[in-house]
Amino acid sequence: MAATQEEIVAGLAEIVNEIAGIPVEDVQTDKSFTDDLDVDSLSMVEVVVAAEERFDVKIPDDDVKNLKTVGDATDYILKHQN
Amino acid sequence: MNSTNRTVVVTGIGATTPLGGDAASTWEGLLAGRSGVSLLEQDWAAELPVRIAGQIAVEPGEVLPRPQARKLDRSAQFALIAAKEAWADAGYTAKAGEDAAVDPHRLGAVIASGIGGVTTLLDQYDVLKEKGVRRVSPHTVPMLMPNSPAANVGIELGARAASTPRCRPAPRARRPSATRSR
């Protein structure tokens, strides 16, 4: 069953917490992965792979550069999840 | 004393060893005659002919912040823990530059490593075989490179002059290239 927007944000928050140590409550849709959440380009690859697995979605490398904020990633996953 | 006969001054000591998680507990263990050698109980060691080793007394994952620890091989974790202790032991409270007593451009990190991050290499090879290429950590190369301990200590302490794994002086004389076969 497809994840809801709230579930995706919560899932991304858990992933970012695991990888970057940011408290889950700080991971909000308007937050930038690199500027606000301490996710560098290598860690972003980890976030993407973890999100692909969790939400059963493929996020090609060419699309990753467009995912600046948690909201961008949430919208992408909502649209593309199987 | 001439200008090439320089004196080395030890200003701080740090350690994490099979006897203890810092220099003081290691020294105490040495004086007490304790052995740091213990049985290797990990699965990967099951078929080794010798299954004893000097294993670290305090797991670095218990000391370092988790997001930092997960991006470092054990070799760099050990180096970082020992270097931070030595830095504090020398009386510094912040990284070079932030602690005004140290000019970052006059500070270097020189830490030798026998192999580098070999456990990372082996672990990620298993990931590659079992889970596929996309699951291999993007941190694999910065974790396994032999200069990772020096590089990460350099970043942590603000050493801008040099970060290198080389621990011996450059050879003074090289063999003439003419002796090579052509």
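Naming: A, B, ... by sequence-line order, numbering from 1 per chain.
- With respect to K31(A) and D38(A), no salt bridge is recorded, no charged nitrogen being found less than 4.0 Å from a carboxylate O.
- One finds no salt bridge joining E130(B) and R135(B) here, because no Lys/Arg side-chain nitrogen approaches an Asp/Glu carboxylate oxygen to under 4.0 Å.
- The environment of K65(A) atom NZ is dense: over 12 non-hydrogen atoms of other residues, nucleotides or ligands sit within 6.0 angstrom.
- Both the backbone and the side chain of E18(A) come within contact range of chain B, judged by heavy atoms closer than 4.5 Å.
- Atoms CZ and CD1, on R160(B) and I155(B) in that order, are 10.0 Å from each other to the nearest 0.5 Å.
- With a threshold of 4.5 angstrom between heavy atoms, S43(A) approaches chain B through its backbone and through its side chain.
- Across all their heavy atoms, N152(B) and A76(B) have their closest contact at ND2-CB, 4.3 Å.
- The 12-atom threshold is exceeded at CG of L39(B), counting heavy atoms of other residues, nucleotides or ligands nearer than 6.0 Å.
- Proximity to chain A among residues 42-74 of chain B is limited to R66(B), P67(B), R70(B), K71(B), judged by heavy-atom separations below 4.5 angstrom.
- The closest side-chain donor-acceptor pair between T26(B) and T17(B) falls under 3.5 angstrom.
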